[in-house]
Amino acid sequence: MSDKPNIASLSGRKKVVSNKKMTFMEMIYLPAIIGGFGITLSHFFKKKVTLQYPEETKPRSEIYRGMHVLKRDDEGRERCTACGLCAISCPAEAITMIAAERKEEEMNLYREEKYASMYEINMLRCIFCGLCEEACPKEAIFLTDRIVSSDLHRGDFIYGKDLLVEPVDQRIDISHRQTPEVLKFKLDKNQSHNS
Amino acid sequence: MSQYNRVDPPEGYSAPGFFATTLDKVVGLARKNSIWPLPFATSCCGIEFMATMGANYDLARFGSERLSFSPRQADLLMVMGTIAKKMGPIVNQVYEQMAEPRWVLAVGACASSGGIFDTYSVLQGIDKVVPVDVYVPGCPPRPEQILDGFMKIQELVGNESLRRRYSPEYRELLEKYGIK
Amino acid sequence: MEQQLIEDSLKERFSNDIVSFDESSDILTVTVEKTVVVGLIKFLKEDLGFNFLTDLCGIHYPQQELQLGVVYHLHNFLNNTRIRVKTFTSIDKPEIDTLTEIFSAANWMERETYDFFGIIFTNHPNLIRILNVEYLDYFPMRKEYPLEDQTRTDKDDRFFGR
Amino acid sequence: MDGTYILYKFILASAILLISLLVAMYSTLLERKVAAFFQDRLGPNRAGIFGIFQPLADGLKLFFKEEFMPGDADKFLYILGPSLTMMIALLTSAVIPWGNSLVIGGAEYSLQVADVNVGVLYVFAILSIGVYGIMIGGWASNNKYALIGAVRAASQMISYELAMSMTIIAIVMMSGSLSLKDMVEQQHGMNWNVWYQPLGFLIFLVCAFAECNRSPFDLPECETELIGGYHTEYSSMKLGFYLFAEYINMFISSAMIATLFFGGYNFPFMDDLHLSHNVITIIGSLVFFVKIAFFVFFFMWVRWTLPRFRYDQLMRLGWKSLLPLAIVNMIITGLVIMIKHHL
Amino acid sequence: MEHLGKEHILVRPEDYDKNFSTLNLGPTHPATHGIFQNILTMNGETIVDAEQTIGYIHRAFEKLAERRAFYQITTLTDRMNYCSSPINNIGWQMTVEKLLGVQTSKRIDYMRIIIMELSRISDHLICNSVIGVDSGALTGFVYVFQEREKIYEIYEEICGARLTTNLGRIGGFERDFTPLVLNKIREFIANLPKVIKQFENLLLRNRIFMDRTINVGGISAERALNYGFTGPCLRAAGVDYDVRIMNPYSSYNDFDFTIPVGTNGDTYDRFCVRQEEIWQSIKLVKNALENLPEGSYHMDVPEFYLPDKQEVYSKMESLIWHFKIVMGEVEVPVGEVYHSVEGGNGELGFYLVSDGGRTPYRLHFRRPCFVYYQAFPEMVKGSFLSDAILTMSSMNVIAGELDA
C-alpha cells in the first residue's frame, strides 16, 4: 500500500460540491455582477440593524456573565465566608481575599463566623468564565449582567469590597441564574438557616 | 502601579480657570471624530472587534471605520488579544512607526494584563512595551465595552491640548519605553 | 484490522526491539526502542496501511531512567484503526531519528517537540525553535521549569497556597 | 482681452475648483455612508447630523497630524508625488463643459473654462500624467509594498488607456470633432451617444474604473494585499491629497462619462419646455450634476459589491478582451458611418 | 542565515545577488488575521519561496494545562480556536468522559450536536466571508456577520458569554436549554438559508471570484495526506475523511448527512466545501432539534459534576463533595486517552495522560491548522502574491490554534 489514498469513498456519503466549469453567461461577467448589484441594492433600502450603542442598549441575557456581585442575605449580612473556593477555581488567579474572624459586635454585618476582610477581584485578569459562581457553596458570589467599564489606569481595575458587595438598598436580583430547584429550596422555611 | 500606565492629562487642564484655546478645541473635536484605528488583532478579541465593526454595532458611527493597516496613517493603536513575548518588540515597533498624535487602547484581559495566560511566553500587559491610554476589561469584551473604551479615548482626544504631544512629560514617558 | 494481527506482524518483524504492548488503553499502544521507531513507522505505513500521521508529541517523566518520550499517533484510514507508538530516550543525549522523510507533517510537530522538550531529531531539515523566542535557553515543557511569567506583579501568592 | 473676460474666467475657474473640491470632500462622506447603507449599517453620524462634518474632521485631523518622512525616502520626490496627483486631478475639470452658456447683459458667458478644440486629447494627456504622482510616491517611499503598488498602477494605467482611447475614437468619428463642447452639443435632447455606442460605453466604464484605481481594479492600494499600496508610508495631509485625488478623479471620470455618453448637460424634452435660454442652461447644469452624482454612486456601488481582480487577470481583461472589443467597436462604427454617408 | 536589525526581519545574504526580492508578509499584515509571518521570496509578483515564522501568540497552553484542574481547562480550549470555541470545549469534556468511561445520554449528545454544529456554522461563516474580504468584497462579510451575531446571542442565552463560552461541563451541561434558547435556535435556522443563499449569490458564481480562486493554492490528495491535512482542507482535495463519520462521537451516527468534497484542493474547493458544510450543519441542527429527547441535561459524574446547589446548601456530604471537586481532590483514573472531534478546521485531537492527580499529567492538543499550515509554502510556490493571500485566508489559520 502506498501513499495514495483510497479514491473511493471512506464514508460512503461523499458528494463533490465544487463546479469549476463556467457557462457562457458566467464567462462574460455581467449576469453575476448585475445579480450582485441587485443584492446590495436590496440591502441599501433595508431597515438598518445598527444599534446606536451609547443611547440605545440591547438587553443582555439574564445569565450574562459580567461584573461580579458579593451578595448579602435578607438581613443585609454579607454571605461570603472566605472559604476560598472561588479563588481556587479561578483559572486566571484573579481573586484574592483575607479571611478574618467575626467579632461579637459584627453579628449584623457578616452571616458566618468567618468572613472576608479583604476581597479583591482583578477585573483586568478576570475572564468572566463563571467558575467562581459555580464553586461558591454559600450563594455569596454571582456574576451579573452589568459590564465592567473601561478605565485609564491599570491599578483601578482591582475591585475591592466597596465595589463588589451589593449595597443594602440596591439589591441585585440573581434569581434567574439559579436552578428552579434552588429557588424552590429557598422558599422552604425549614431550610432557611442553610440558604 | 498606575504610574507607568497612562499619559497624564496635560498640566493645568483640570485646574480651575483653565480653558483651551479655540483652535485646540476645534482640532480636538476634529481629531475626536476622525480616529482611524490600527487594529492590532491577534486573537479572540479581534473577532469581537470584527463584531464591533459589523452592522450591529457599527464603529463607523464614530467616524472610525477606515482601518489603517499602515501605522503611518493610524491615530489609535487598538491592541486586541494576547501579546506574546515574541510579539512584544513588534508592538513597540508599530507604535514607534505611528505618527503623532497617537493613542493606545488595550482591549481585553490579555492585552491589558496577560489575563488567564500567566505563562513564560506571554507579556503581562502591553504597558510593558508601549504606553497605554485606556484599558478595556473582559475576555473578550463585548462590543459595547469596546465602544465604551473607544469613547473614553475620544474623550481623551477631544480634551487634549494641541501641543501636549511635544511636552517634556510626554517625551519622558516615551523615553521610558525606549522610543525616541 | 484486528489488533491481534497488527501485534503479530509487528512482533514478527521487530521482536527484539519492542518493549511492550498495551491493549488496555483506548488505542493499541506499542512501546519500542528508539533505534527502530522510524523503521517501525515506515513498516506500519507501507505494509499495514497506516497512511496518516495524526499526532506527534513529547512527554517528560522525570522519575524514569529514560526521561523523555515521544508519542506518535498513526491512523489507517481504510480500516479506520489507530495505533500509538511510544519511544523513550535519555535526557542527556535526547536523540531520535526524524520522521520527516516518511511524513511531511512531522516537520513542524518535531520542531514543536524540540522546542518544548529539547528532543533532537537527527537529520531533521530545519530543527529550530518554532513557537518560542529563539533566545530562550531552556525547554519549557520539561517538568522542572516553572509555568509562570516571573514578572507578574499583580498577584499575591500568600493566599490559598498559590 | 478685456477685464470682464478675465474676471469671468477667474470666477468660473475658482467656482469649478471649489465645486470639485467640495464634491470630492463630500464624496468621502458619501462613500462611507453608501458603504454603510449597502451593509445594513448607519455609517458616520456623530460628527454633525448625518455626519455632515465628518469630512471636515478628517481634513482637519490630517492637517494637524505629524508630518512624517521615512528615513530612506527621496525627499523631493516624496513630496512631489501627492502634490502632482492632486494638481493633475484638478486640471482636467478645465475642459469639461459644465453647462451651456449664460446670457447676461447681452454678452454670452460659456460655462466651460476652456473650450479647447482638442479637449478630448487634453483630458487623456492629463489623465496619463496622473499616474506619475502615484508612481513617484510609491517609488520615493522606499517601501516594497509601495513599490509594488506603484508598478501595478503604472502597468494598469498603460493597459487601460489604450482601450479607453479606442472607444473615444469611435465617439470622435461620430461627432467629427475633438472638442468636448461640440460633442455635447451633438447629443442635444435625448440624442445621447450611449444609444449608439452601448458597447463603447461599457468598455469606457470599465476603463474608467481602472483609471481611477477603483475597486474592482484597486490593485495599487489593495488594502488586504499591499496594506496601503503606494501610500503605505504617507501620513498627514500628503495622505489626504492621495485620498482626495482619488475622489476628484472619480468625480471627473463621472463627468467624462456623462459628457461623452449621456449628453452632458442635455436632458430630454429640453426644447419643449419653452423656457428662456438661461433657465435651460441652469437646469442643464443641474441635470449634469445629477448624472455625475449617479455615476459617483455607481462607482461606490461597484466597490461594495465586487471582489477585485488579480493583477494578471486585470491585464488579461484589458489586453485580451477590452482592447479587441474596442477595436471591433471602432470598426463597426466606421462601417456604419461610411454606409450612412454613401446612402 | 543572518539577522539584521530587529530579530524578526530576515535577510539572506545568498539572495543579495539574485534578482529576487523578499517581502515580509506579517506579522501585522492585514491579511494574516491573527499573527504569523511569511517571508516571501518574490520574483516580481511571483512567489519563489515562502518561509514561515509562527509562535507570535504562543501562550503555552500545554504547560498551562498541566497546572490547571480538569474542569478549568475548558477556559483554555475556549481560546484555542476562538471562532468555534464550543467544539473545543465539548471535545475536551468528551475526552475526560472517555477517560472516566462515562457514557452520555442521547439528550446530552443531541444538545452537544446542536451546539457543535452551530459553532461549525459560525466558524465556516467567518472563514468564507473573510475569503470574500481578502478578495475585496467586504459587503458579504457584513451580511453574514449579522447571522454570527445571532449565534452569539444563542450562546449568550445558553451559557452567558458570547465568544469564549466556557460552555458545557464534564458530564453534560451547566444548565438546560430554556424554551427561549430553543426558540432562538429555530428562528436562526429558519432565517439562515436566506442569508447564506444571498452570500453565495454574491460570490460563488461570480467570474471575478472564480478566477481568483480556481486553481489557486491547490494541493493533491496525496500530498495533503502526507502533510496531515484534515477537515475542509483535506476534503477539498477529495478525501472524505470526517471524524464525525469515521469515529462517530456524540451520536453523530444517528444522523444522515453528506460529506462534501472538492476535486483538486484549491481555494475554490475549500470555499465550496465550507459552504456546503454550512448547509449540512443547518440540516443537522434541524434534525437534532426535532428529535431532542427529554431527560436530564447532565450525567451523574460524581468526580467532576458539581452536586446540585440546594444539596450543597443543606447536606454535609454534598458540601464535602463540592469542596473536593473544586479543590480537585477526586479520584481520577490513571491512564491515557486520545479523543478527537471534527473541529472547524479538522481533526481536533486531545491526547490526555493522567496520573490520577488534580491536573492532567500531560495534555497535548492536536491542532489541525498547526499541522496543515506547514504546507503553505508548497501550496503557494509559483503563484502570485494575491493568490498567497487568498490561500492563506482559505486555509483558515486561526492564530490561537496555530500557536497554542
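Just the heavy atoms: all of them, side chains too, but no hydrogens, waters or symmetry mates, feed the values below. So you know, we letter chains A, B, ... as the sequences are listed, proteins then strands, and number each from 1.
The distance from the CZ atom of R61(B) to the CG atom of L51(A) is 7.0 Å, given to the nearest 0.5 Å. Note that CD of E93(A) and CG of D118(B) are 6.0 Å apart. Values are rounded to the nearest 0.5 Å. The line from NZ of K48(A) to CG of N56(B) is 12.5 Å long, rounded to the nearest 0.5 Å. If you take CG on D127(B) and NE2 on H153(A), they are separated by 12.5 Å, rounding to the nearest 0.5 Å.
Of all heavy-atom pairs spanning Q124(B) and R154(A), the tightest one is O-NH1, 3.3 Å. Contact record, C126(A) with C139(B): O-CB, 4.1 Å, taken as the closest heavy-atom pair.
Within 6.0 Å of the NZ atom in K114(A), the count of heavy atoms belonging to other residues, nucleotides or ligands exceeds 12. Other residues, nucleotides and ligands place more than 12 heavy atoms under 6.0 Å from the CD atom of E56(A). Within 6.0 Å of CD in E104(A) there are 12 or fewer heavy atoms belonging to other residues, nucleotides or ligands.
Both cation-pi conditions hold for R142(B) and Y64(A): the charged atom is under 6.0 angstrom from the six-membered ring centre and inside a 45 degree cone around its axis.
Remark: side-chain polar atoms of S112(B) are not paired, donor with acceptor, to backbone N or O of L124(A) under 3.5 angstrom. Side-chain N or O atoms of T50(A) include none that pairs as donor or acceptor with a backbone N or O of Y57(B) at under 3.5 Å.
If you measure heavy-atom distances from R60(A) to chain B, the contacts under 4.5 Å come from the side chain alone.
Test K152(B), M151(B), Q145(B) against S150(A) for side chain to side chain contact (heavy atoms under 4.5 Å, CB included) and you get one pass: K152(B).
Here the side chains of M123(A) and Y135(B) are not in contact, with every heavy-atom distance at 4.5 Å or above. Residues E144(B) and T57(A) form no side-chain contact, since every pair of their non-hydrogen atoms from C-beta on lies 4.5 Å or further apart. No side-chain heavy atom of D58(B) sits under 4.5 Å from any side-chain heavy atom of Y53(A).
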